[in-house]
2 protein chains.
Amino acid sequence: MPATIRDVAAEAGVSVATVSRVASGGDYPIGAETKAKVLAAIEKLNYRPNGIAKGLTQRNSRLVGVIAPDMSNPYYPEVTRGIEDVAGAKGYQVLSCSTDRDPARASATIDALLAKRVAALAVIGGGDEVVLPDRDLDALGTEVVMIGRATRRFSTVRVENVQAGHEVGRHLIALGHRRIGYVAGHPGSTASDERLRGFRRALKEAGVEHRPEHVERGGYTEAGGYDATRRLMHAAAPPSAIFAASDRMAIGALAALRDMQLRVPDDVALVGFDDIPMAEYLRPALTTVSVSAHRLGTEAMRLLLDGSGRPARPQHLRVRTRMVIRESCGARRN
Amino acid sequence: MPATIRDVAAEAGVSVATVSRVASGGDYPIGAETKAKVLAAIEKLNYRPNGIAKGLTQRNSRLVGVIAPDMSNPYYPEVTRGIEDVAGAKGYQVLSCSTDRDPARASATIDALLAKRVAALAVIGGGDEVVLPDRDLDALGTEVVMIGRATRRFSTVRVENVQAGHEVGRHLIALGHRRIGYVAGHPGSTASDERLRGFRRALKEAGVEHRPEHVERGGYTEAGGYDATRRLMHAAAPPSAIFAASDRMAIGALAALRDMQLRVPDDVALVGFDDIPMAEYLRPALTTVSVSAHRLGTEAMRLLLDGSGRPARPQHLRVRTRMVIRESCGARRN
DNA sequence: CTGAAAGCGCTTACAG
DNA sequence: CTGAAAGCGCTTACAG
């Protein structure tokens, strides 16, 4: 068992109050000699204050909870990494959990996190499996921020999806495309819906109608993107360009088009979303939309941990995206 | 502020001991009527026992710490996900941290984790930036497991890297290759070193010597794989096959070969490692070695949490790999 | 400058 | 079956 404050006090021949004061290192006045004795005892016993007990007395667990659909999908750990970076700098640590989009699991997780009295709680993802207890914020005992999901009740940090979708639409239209397929994400995904909305607005502005059969679900996986693309290309009037709501689905699309003997971008142009590290290393290199998942995390934590006390009202932030033109869209034909 | 046990006791008109007993739901005998009153009060006040306080009295934080180089590299979250799955099932939660391979950051993280009195600590990754305090295990106050790193002091869970490297070597040799380049990972990476060792053993057994200029560092990234491959192909006697220590580097290699007008597998055969989801969707589909990162995590946690008390001595587990033959190695030529 | 004491929110022998 | 009390390992007014 690790040494306790009492062990150190006994070793140094002082009271626990004194040990507490030197161990926590504030500017409380301590006699030089006393301090030396205590420090020596701390060193000797390798004393490390019990953070759990500290959290209890200070009524601050210094824990931030992160809840995401699935930490094995790279987007979520990257957001979490952003959270960790600012939380860590302020002496907080992150407790992260996956829900697998299962409401029962999500609710058990929320319970566990709330039981641990997390000082802040970040919910990542646009799904609706996570339901916070319907109590006023004060009774929850924690600050909440939603990343990528719309709500009035809590602060939110979101991607400029509509605008990004609009930009992709305009780009493809400018390249002469009129029939453009959309590979959507997970059912109920806010991000996918918003990207589609912006994309359609661009089409509408250009006076081109978007047919329902030009939208297929890909579920954010390579396999889903592959299948969706095949379905798209088997439509009565197959698209000349495809916009996939994620790079992973775009990779599936690339494979599907290759397998159908279709060249990218010559026969079909392709645009992804996320700008994952390997997007640049695909051949053709993938045109995509860059969004900093890490930044979503840092912004979210700043919202929660910056305030001295709870902010008067929920704040809502949007993080901008940047379209990255590479080869797969055909803009760089030469 | 959330309700405390005292609030519930007052509401129900019973002692806190009674509330504790019904709230924790054991089989301690409680009068039916009393129980009903307490349950009603819990419900009314939305009482949720404070897990921090509980941890303190029970001397078990029910927290497991996970420390990895960088949670934004997908391998680590996947291992962590495995840890989370078995930990969660036993009522534990995971506290995860990234070290960025920085010793100072690593040591601060260890301190913080130990201060939180994590019941178990998993260190992922073969780097050497993480140094546990040099005290006997008991003084550490936590169980430790290393994932992917060799040590006698703690339990370990590791991948059968040597054997996997050997298998890849044999496969490539059987396909007629004699000059095979190796794209190594991060400097000091045990995994990369072991894979190379097994690979070289296969070459040696076949009587072919492996030249030093046929090994290049790729640092586990696409960009590193790209550059390493270019260097490899500019050797005096360029290899006819390349074995990359990770799929991400293999993707970089694929791009480099394409950019050099070299066809895969016709001009150069390629094998990766990891079997990431998109390996199957590359064209040519990537031959690689499948290793379940998730499984590494579950095995590690089982080692820690299964035992009633500390195991007599550290245990050492190896997780098997499976070679997945696809197109990039040329075995499926037709 | 130092310490005794109360308290954070629980659990758990011990009595009754 | 129920409760008063001690204790988990700290912090922090309050006295001196």
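Just the heavy atoms: all of them, side chains too, but no hydrogens, waters or symmetry mates, feed the values below. Protein chains get the first letters and strands the later ones, always in sequence-line order, with residue 1 at the start of each. Computed from a predicted model, the values in this text were never measured in an experiment.
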Out of [options], which nucleotide sits closest to the side chain of [X]?
X       : options               : result
B:Arg6  : C:dT12, C:dG9, C:dG7  : C:dG9
A:Ile5  : D:dC10, D:dT12, D:dC8 : D:dC10
B:Tyr47 : C:dT2, D:dT11, C:dC10 : C:dC10
A:Tyr28 : D:dT2, C:dT2, D:dC10  : C:dT2
B:Pro29 : D:dC1, D:dG3, C:dT11  : D:dC1
A:Thr57 : C:dA4, C:dT12, C:dG7  : C:dG7

Would you mind reporting whether [Y] and [X] have side-chain heavy atoms less than 4.5 Å apart?
X        : Y        : result
B:Phe154 : B:Val123 : no
B:Val157 : B:Val319 : yes
B:Met301 : B:Lys90  : no

Checklist outcome for this item: Those residues at least two apart in sequence (or on a different chain) that pass salt bridge (Lys or Arg N to Asp or Glu O under 4.0 Å) with A:Arg59 are none
Next on the checklist: Heavy-atom nearest nucleotide on DNA chain D for B:Gly31 versus A:Ser20: which residue maps closer to 5'?
Outcome noted: B:Gly31
Checklist entry - Sub-3.5 Å donor-acceptor pair from the side chain of B:Asp102 to the main-chain atoms of B:Ala104, do we have one? => result yes
Checklist entry - Which dot-bracket string fits DNA chain D when only Watson-Crick or G-U wobble pairs with both atom distances under 3.5 Å count, crossing pairs get [ ], and | stands for a partner on a different strand? => result |||.||||||||.|||
Rounded to whole angstroms, how far apart are [atom1] on [X] and [atom2] on [N]?
X       : N      : atom1 : atom2 : value
A:Arg48 : D:dC10 : CZ    : P     : 12 Å
B:Arg59 : C:dC10 : CZ    : C1'   : 14 Å
A:Gln58 : C:dG9  : CD    : P     : 14 Å
B:Leu45 : C:dG9  : CG    : C1'   : 15 Å
B:Asn50 : D:dC8  : CG    : P     : 18 Å
B:Arg62 : C:dC10 : CZ    : P     : 16 Å
B:Asp7  : C:dG9  : CG    : P     : 8 Å
B:Glu33 : D:dT2  : CD    : C1'   : 13 Å

Checklist entry - How is A:Leu56 classified with respect to the nucleic acid when contacts are heavy atoms under 4.0 Å: base, sugar-phosphate, or nothing? => result base
Next on the checklist: Using a 4.0 Å heavy-atom cut-off, does A:Thr4 contact any base of the nucleic acid, only the sugar-phosphate backbone, or nothing at all?
Outcome noted: sugar-phosphate
Checklist entry - What about B:Arg21, does its side chain sit under 3.5 Å from the base of D:dG3 through a donor-acceptor pair? => result yes
Would you say [X] places a side-chain N or O within less than 4.0 Å of OP1 or OP2 belonging to [N]?
X       : N     : value
B:Thr18 : D:dT2 : no
A:Lys54 : D:dG9 : no
A:Ser15 : C:dA4 : no

Item to check | A:Arg105/A:Asp70 salt bridge by N-O under 4.0 Å criterion | outcome: no
Item to check | Charged N-O contact under 4.0 Å between A:Glu299 and A:Arg320 | outcome: no
Item to check | Distance, nearest 0.5 Å, that separates CG of A:Leu56 from OG1 of B:Thr57 | outcome: 9.5 Å
